Number of protein chains: 2
Amino acid sequence: MTANSHHNIRQVLRERIESGEWALGALIPGELALAVEYRCARTTINRALQTLADEGLVVRKRKGGTRVCQMPVRHAKFEIPIVREQVEVIGSKYRHQIMSQQKKTPTASVRTRLRIPDAKKALFMETIHLADERPYAYEERWVNIQAVPKIMDAPLDQISVNEWLVKTVPFSSGDVVFSAVNADKRVAGALESKVGNAIFLVDRTTWLGEEFITTIKLYYRDGYQLYSQL
Amino acid sequence: MTANSHHNIRQVLRERIESGEWALGALIPGELALAVEYRCARTTINRALQTLADEGLVVRKRKGGTRVCQMPVRHAKFEIPIVREQVEVIGSKYRHQIMSQQKKTPTASVRTRLRIPDAKKALFMETIHLADERPYAYEERWVNIQAVPKIMDAPLDQISVNEWLVKTVPFSSGDVVFSAVNADKRVAGALESKVGNAIFLVDRTTWLGEEFITTIKLYYRDGYQLYSQL
DNA sequence: TATTATATTATGTATGCACATATTATAATT
DNA sequence: AATTATAATATGTGCATACATAATATAATA
């Protein structure tokens with residue numbers, strides 16, 4: 001790493017912005033000027049500024065120059081969690097248990113949401129994820145067998161569906177919905193919680209191209225918190 | 001945009017990965033080989049691959065080469081929401097109402113969490129955010145007056161604290177915790193909900209460098225869902 | 001055999017240059 | 001004055017080159 005790596009320049013520029021030296025929305029010096037100031041090539045400055053633009057710290061326009069973002073957007077990022085890893089991170093022993101597993105015809109609402117033809121059956125599974133033998137999360141899942149026929153042969157007692165899918169059908173797109181729900185009898189029972197308790201629910205659906213892969217509802221145990229840095 | 005822009009190359013490479021041409025964890029051709037194949041400079045390939053690495057699609061190691069990520073991590077991103085915008089996006093009319101506003105000494109737990117000296121007071125506020133005159137979110141907030149003295153002069157009846165802070169003290173870092181809680185009497189009252197209902201809670205603290213700026217608890221009305229693409 | 005030095009290799013980075021492109025400012029035209 | 005052409009400018013991009021750096025493979029040594 002040379003003294004003038006674009007990393008260093010980027011960091012210095014970031015600090016000049018964050019310190020308020022350049023106000024919100026203000027125009028900052030052009031690439032050429034900065035290149036002179038830092039005694040480096042314009043390319044290096046360009047690289048640094050482009051990264052800052054990717055991060056949402058500055059906005060760049062041809063001829064218009066580079067200005068500090070008016071309202072820099074901070075993002076909270078979450079990874080698709082593999083429950084096993086979540087459990088192991090908190091230092092607990094992970095185990096999962098399949099409560100039910102059957103091919104059946106999804107309800108109408110699930111079918112339309114997942115664009116599954118009426119006649120087709122899908123795989124429905126209920127799984128309990130345990131941390132130190134205590135319920136950590138309760139999972140309801142539909143899997144599109146047409147899209148992932150191999151799942152019928154997967155050793156789902158050893159590796160959780162979650163993990164098997166992530167490692168087998170990667171690069172899928174999807175959406176996540178977080179919400180809070182009151183535990184009903186079924187969920188409360190599965191989580192050894194009480195009916196009515198506030199449960200953190202993650203509802204996730206993933207696609208491979210246009211094809212539906214899986215949809216899952218994850219009910220976390222009482223007091224679960226999803227943490228993220230900004 | 002030339003035919004061989006790193007954007008194009010990146011996209012093509014992405015597709016080769018996502019199509020499964022290169023399996024999970026597999027080594028992909030070196031930069032030089034790809035440069036020959038695509039008839040472009042190694043620099044261009046390098047640029048494309050570095051971006052893919054940033055995205056978490058490949059892992060690169062000097063001498064080791066570039067391999068497809070074993071378990072490509074998809075991220076869910078959330079912006080720090082300005083409640084007004086959340087409300088306006090769903091097509092409702094936004095209004096906020098300050099329920100209380102006072103300087104007072106934070107409780108011990110808040111003080112230690114926020115690293116505020118014992119003697120110092122902070123600004124405590126309760127705000128209701130309304131969508132079409134119905135409660136949308138209930139906000140409890142502590143603001144560090146030492147860090148943001150100007151807040152005492154801000155027109156907080158016109159612009160919400162949230163928005164004023166975001167636009168005045170930008171570039172802060174912070175953390176967010178999402179969880180589900182049962183509404184107590186106070187929260188239920190504020191949201192015109194019922195005691196015990198599951199409430200989606202966002203707990204956010206922001207810092208400017210080492211200095212505490214603000215901490216906020218946002219209780220969203222029943223049925224609120226936080227949505228994100230993967 | 002085990003350890004250490006050396007060479008090899010793929011990626012990482014900086015630079016100078018040329019040209020592309022979008023946007024703004026200015027001049028020319030109607 | 002309004003419209004249209006033209007020039008100026010800041011960023012965007014590609015390329016060839018050179019060297020840096022980390023990790024590995026190979027050879028030399030104890």
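Any value given below was found using the heavy atoms of this structure, including those in side chains, with hydrogens, waters and symmetry copies removed. Quick caveat, the model's predicted, so the values are computed rather than measured.
Closest of all the heavy-atom pairs between B:Pro135 and B:Leu130 is N-CD2, 3.7 Å. Here the closest non-hydrogen pair linking A:Gln101 and A:Leu123 is CG-CD1, 4.0 Å.
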Checking ring pair (Phe, Tyr, Trp, His ring centres under 6.0 Å) for the pair B:Phe178/B:Phe200: CA distance, chi angles, key distance, verdict?
CA-CA 7 Å; B:Phe178 297 93; B:Phe200 193 82; 5.8 Å; yes

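Rounded to an integer number of Å, the gap from CD1 of A:Ile9 to C1' of C:dT15 is 13 Å. Across the protein-nucleic acid pair, B:His6 atom NE2 and C:dA20 atom P stand 18 Å apart, rounded to whole Å. Protein atom CG of B:Asn46 is 16 Å distant from nucleotide atom P of C:dT15, rounded to whole Å. A:Arg10 has its CZ atom 9 Å from the P atom of C:dT13, to the nearest Å. Whole-Å rounding puts the B:Ile45 CD1 to D:dT13 C1' distance at 14 Å. The distance from atom CG of B:Leu32 to atom P of C:dT11 is 9 Å, rounded to the nearest whole Å. Counting to the nearest Å, the C1' atom of D:dT11 and the NE2 atom of B:His7 are 13 Å from each other. Put simply, CG on B:Asp54 is 13 Å from C1' on C:dG12, counting in whole angstrom units.
Listed for the B:Asp132 side chain is a donor-acceptor partner under 3.5 Å among the backbone atoms of B:Lys93. A distance-only check finds a donor-acceptor pair linking the side chain of B:Thr112 to the backbone of B:Ser109 [under 3.5 Å]. No donor-acceptor pair under 3.5 Å is formed between the side chain of A:Ser160 and the backbone N or O of A:Leu156.
Here the CD1-CG distance, from A:Ile128 to A:Leu191, works out to 6.0 Å after rounding to the nearest 0.5 Å.
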Where do N or O atoms of nucleotides 6-10 of chain C meet protein N or O atoms at under 3.5 Å, pair by pair?
from   : atom 1 : to      : atom 2 : distance (Å)
C:dT8  : O2     : B:Lys63 : NZ     : 3.3
C:dT9  : O4'    : B:Lys63 : NZ     : 3.1
C:dA10 : N3     : B:Lys63 : N      : 3.4

Which protein N or O atoms sit under 3.5 Å from an N or O of nucleotides 15-19 of chain D?
from   : atom 1 : to      : atom 2 : distance (Å)
D:dC15 : OP2    : B:Ala41 : N      : 3.0
D:dC15 : OP2    : B:Thr44 : OG1    : 2.8

Hey, can you pull the donor-acceptor pairs under 3.5 Å for the side chains in residues 142-153 of chain A, sequence neighbours left out?
from     : atom 1 : to       : atom 2 : distance (Å)
A:Asn144 : OD1    : A:Gln146 : N      : 3.1
A:Asn144 : ND2    : A:Phe212 : O      : 2.9

List the atom pairs, donor and acceptor, that lie under 3.5 Å between side-chain atoms in residues 80-90 of chain B and the rest of the protein, sequence neighbours left out.
from    : atom 1 : to       : atom 2 : distance (Å)
B:Arg84 : NE     : B:Glu163 : OE1    : 2.8
B:Arg84 : NE     : B:Glu163 : OE2    : 3.1
B:Arg84 : NH1    : B:Glu88  : OE1    : 3.0
B:Arg84 : NH2    : B:Glu163 : OE2    : 2.4
B:Gln86 : OE1    : B:Tyr220 : OH     : 2.9
B:Gln86 : NE2    : B:Tyr224 : OH     : 3.0

With a cut-off of 3.5 Å and sequence neighbours excluded, list every side-chain donor-acceptor pair involving residues 65-72 of chain B.
from    : atom 1 : to      : atom 2 : distance (Å)
B:Thr66 : OG1    : B:Arg60 : NE     : 3.0
B:Thr66 : OG1    : B:Arg60 : NH2    : 3.3
B:Arg67 : NH1    : B:Gly25 : O      : 2.7

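The shortest distance between side-chain heavy atoms of A:Thr205 and A:Leu114 falls below 4.5 Å.
Put simply, A:Gln50 has no side-chain N or O that comes within less than 4.0 Å of OP1 or OP2 on D:dT11.
For the segment residues 11-25 of chain B, no residue has any heavy atom less than 4.0 angstrom from an atom of DNA chain D.
Using Watson-Crick or G-U wobble geometry with both donor-acceptor distances under 3.5 Å, D:dT6 finds its partner in C:dA25.
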